[in-house]
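Have a look at the structure below before the remarks.
By convention here, the first residue in the shown sequence is residue 1. Because the structure is a prediction, the values reported are computed rather than measured.
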Amino acid sequence: MSSIRQLSAFLALAAFAAAAPRMHKREALPDYAITYAPLSYLYSGEKWFPSDITVHLANVQPEVDFNATGTNGSVTLDTLDTLSSDVYLTASDGPILNPLDGTPDWLTSEYGIPSSDGLSAAPGLIIAAEKNSTTTDVFYFYFYSYNYGGGVLDINFDDHVGDWEHVMIRFVNEEPYAIYLSEHSGGSAYYWDVVDFSGERPITYIAYGGHANYVTAGSQNYTIALGLISDTTDAGYLWDMTLNYRGYWYDTETGTFTVAPGAGTGASEEESETADWLNWLGYWGDEQYPDGLLDDIETGQYCIVGECHYTGGPTGPADKNLNRTTMCESTSKSCPVYDNINDLTTLS
Ligand SMILES: *[C@@H]1O[C@H](CO)[C@@H](O)[C@H](O)[C@H]1NC(C)=O
Ligand SMILES: *[C@@H]1O[C@H](CO)[C@@H](O)[C@H](O)[C@H]1NC(C)=O
Ligand SMILES: *[C@@H]1O[C@H](CO)[C@@H](O)[C@H](O)[C@H]1NC(C)=O
Ligand SMILES: *[C@@H]1O[C@H](CO)[C@@H](O)[C@H](O)[C@H]1NC(C)=O
Ligand SMILES: *[C@@H]1O[C@H](CO)[C@@H](O)[C@H](O)[C@H]1NC(C)=O
């Protein structure tokens with residue numbers, strides 16, 4: 001009798017063990033993902049604020065090769081994953097030729113300006129990816145409807161609709177080990193102890209316009225256009241993503257996403273959503289316009305020494321190497337983990 005009871009208990013346990021480990025459906029994110037989440041500062045002179053992906057989707061139309069595509073010319077979070085991966089979510093207002101004039105409203109996203117306690121109405125994204133029994137990477141994704149690349153004199157480079165940036169914290173045995181910050185097409189990683197903190201939370205700075213992430217305030221050693229353009233950060237607007245975010249798990253074995261409870265409006269919006277939209281691998285902004293297509297000399301498209309005024313929109317979180325083994329997104333560049341926050345990042 002007792003051995004039968006033991007056997008059935010064992011079988012139940014075995015069935016549970018077989019089903020449970022990778023089923024993260026609506027399972028809460030680990031506490032440490034919130035305890036050690038970055039506190040981020042947008043630049044004091046920022047003009048393109050955090051955006052809600054649902055507001056973004058309401059203002060774009062799916063296009064392939066500059067022609068409308070998809071069922072009815074519109075897209076929502078529910079229908080996003082039905083689009084093919086060559087689709088560009090293109091501004092319904094037409095090409096944005098004068099980004100500095102403060103229109104359209106959905107691109108500047110002033111609704112996303114954080115309150116004095118750091119609450120932005122635009123939900124962030126927190127994605128946890130368990131790598132193995134000791135290591136979990138937590139990704140904090142920042143989304144903006146517009147990336148203003150900055151310029152030299154009247155020449156401006158790398159403007160695009162849609163901007164995905166991220167910070168990743170690697171936890172080993174539930175303790176923070178190191179932090180990675182995306183900077184345009186690259187990024188930098190630092191050992192945990194060497195960055196600046198507010199309480200237990202690392203402080204990060206988001207550069208003006210292009211929203212690259214840094215661990216210091218000031219002029220940054222990021223350069224395009226032959227070194228003529230650099231990024232600038234300061235402690236402008238505090239943004240605490242943990243007050244409002246959508247949460248997800250990324251299963252590194254199967255490559256699938258599931259919903260985890262979020263916070264704020266991100267949590268309430270998530271109630272009626274699935275994680276399927278994250279599987280879409282297309283572009284979150286207009287396709288890069290051919291050189292000379294928009295022919296106004298100041299506002300049109302031009303490319304100089306390989307850098308263009310308007311570039312194509314970025315791909316989303318699923319394309320940011322969530323299954324990485326090193327700290328960095330790129331597998332082709334070397335990935336040093338710095339032990340000094342002034343290494344390579346600060347220009348002066
Ligand atoms: C897009 O539309 C243009 C005309 O407006 C047409 O010449 C071109 O073939 C179309 N491209 C595709 C992929 O349908
Ligand atoms: C068509 O557009 C509406 C909103 O404009 C949306 O609610 C609906 O899901 C779309 N239908 C399809 C099949 O994409
Ligand atoms: C993630 O990487 C591991 C090896 O590090 C590999 O076994 C696994 O298949 C990868 N997952 C996906 C979804 O590609
Ligand atoms: C767990 O994954 C991390 C990141 O890929 C790796 O550095 C570490 O060696 C792995 N640990 C074990 C025990 O497999
Ligand atoms: C700026 O970065 C480049 C390449 O990343 C590096 O060679 C250079 O030494 C850096 N300059 C400073 C002052 O850190």
Side-chain angles (χ1 to χ4, degrees), residues 47-77 79-110 112 122 141-151 155-165 182 184-185 208-212 224-225 229 277-278 280-304 306-320:
K47 298 189 184 73
W48 296 276
F49 292 95
S51 314
D52 189 333
I53 49 177
T54 60
V55 174
H56 188 81
L57 294 184
N59 286 284
V60 294
Q61 60 189 37
E63 291 188 6
V64 173
D65 206 6
F66 302 103
N67 297 334
T69 183
T71 346
N72 61 9
S74 70
V75 59
T76 65
L77 221 51
T79 60
L80 193 57
D81 193 37
T82 64
L83 301 175
S84 62
S85 58
D86 57 354
V87 164
Y88 285 82
L89 300 180
T90 305
S92 307
D93 293 305
I96 310 302
L97 299 181
N98 284 301
L100 283 169
D101 76 1
T103 56
D105 289 350
W106 65 275
L107 284 186
T108 53
S109 305
E110 289 184 5
F141 273 97
Y142 304 75
F143 180 71
Y144 313 84
S145 279
Y146 199 69
N147 180 102
Y148 178 69
I155 302 175
N156 209 61
F157 294 107
D158 198 27
D159 286 2
H160 53 88
V161 173
D163 188 16
W164 281 105
E165 299 281 348
S182 73
H184 308 281
S185 58
Y208 169 60
H211 309 124
I224 60 165
I229 299 175
W277 67 273
L278 280 162
W280 182 63
L281 290 172
Y283 305 89
W284 286 75
D286 299 28
E287 184 172 2
Q288 178 167 320
Y289 295 98
D291 197 356
L293 178 76
L294 312 166
D295 58 5
D296 182 289
I297 191 68
E298 278 177 22
T299 59
Q301 174 69 304
Y302 47 77
C303 298
I304 304 170
E307 306 282 352
C308 294
H309 184 189
Y310 301 106
T311 52
T315 51
D319 195 38
K320 301 298 186 253

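Taking Asn98 as the reference, nothing meets the side chain to side chain donor-acceptor pair (under 3.5 Å) condition, with sequence neighbours excluded.
Not a single donor-acceptor pair under 3.5 Å links the side chain of Thr79 to the backbone N or O of Leu77. Side-chain atoms of Thr90 come within 3.5 Å of backbone atoms of Tyr88 as a donor-acceptor pair (strictly under, hydrogens ignored). Side-chain atoms of Asp101 come within 3.5 Å of backbone atoms of Thr103 as a donor-acceptor pair (strictly under, hydrogens ignored). Side-chain N or O atoms of His56 include none that pairs as donor or acceptor with a backbone N or O of Leu89 at under 3.5 Å. Panel note: side chain Lys320, backbone Thr315; a donor-acceptor pair is recorded below 3.5 Å.
Looking only at side-chain heavy atoms (C-beta outward), Pro95 and Tyr310 stay at 4.5 Å or farther from each other. Pro290 is listed as a side-chain neighbour of Phe66, based on a closest heavy-atom distance under 4.5 Å.
The aromatic rings of Phe157 and Tyr302 sit perpendicular, their planes meeting at an angle over 60°, well past the 30° parallel limit. Classified by interplanar angle (parallel below 30°, tilted 30° to 60°, perpendicular above 60°), the ring pair Tyr144/His211 is parallel.
Checking each of Asp163, Asn156, Leu107, Asp158 against Tyr148 for a side-chain contact (heavy atoms from CB on, under 4.5 Å) leaves exactly one that passes, namely Asn156.
Here CH2 of Trp48 is found 9.0 Å from OG1 of Thr108. Values are rounded to the nearest 0.5 Å.
Trp106 and Asp93 form a side-chain donor-acceptor contact under 3.5 Å, judged by distance and modelled atom types alone.
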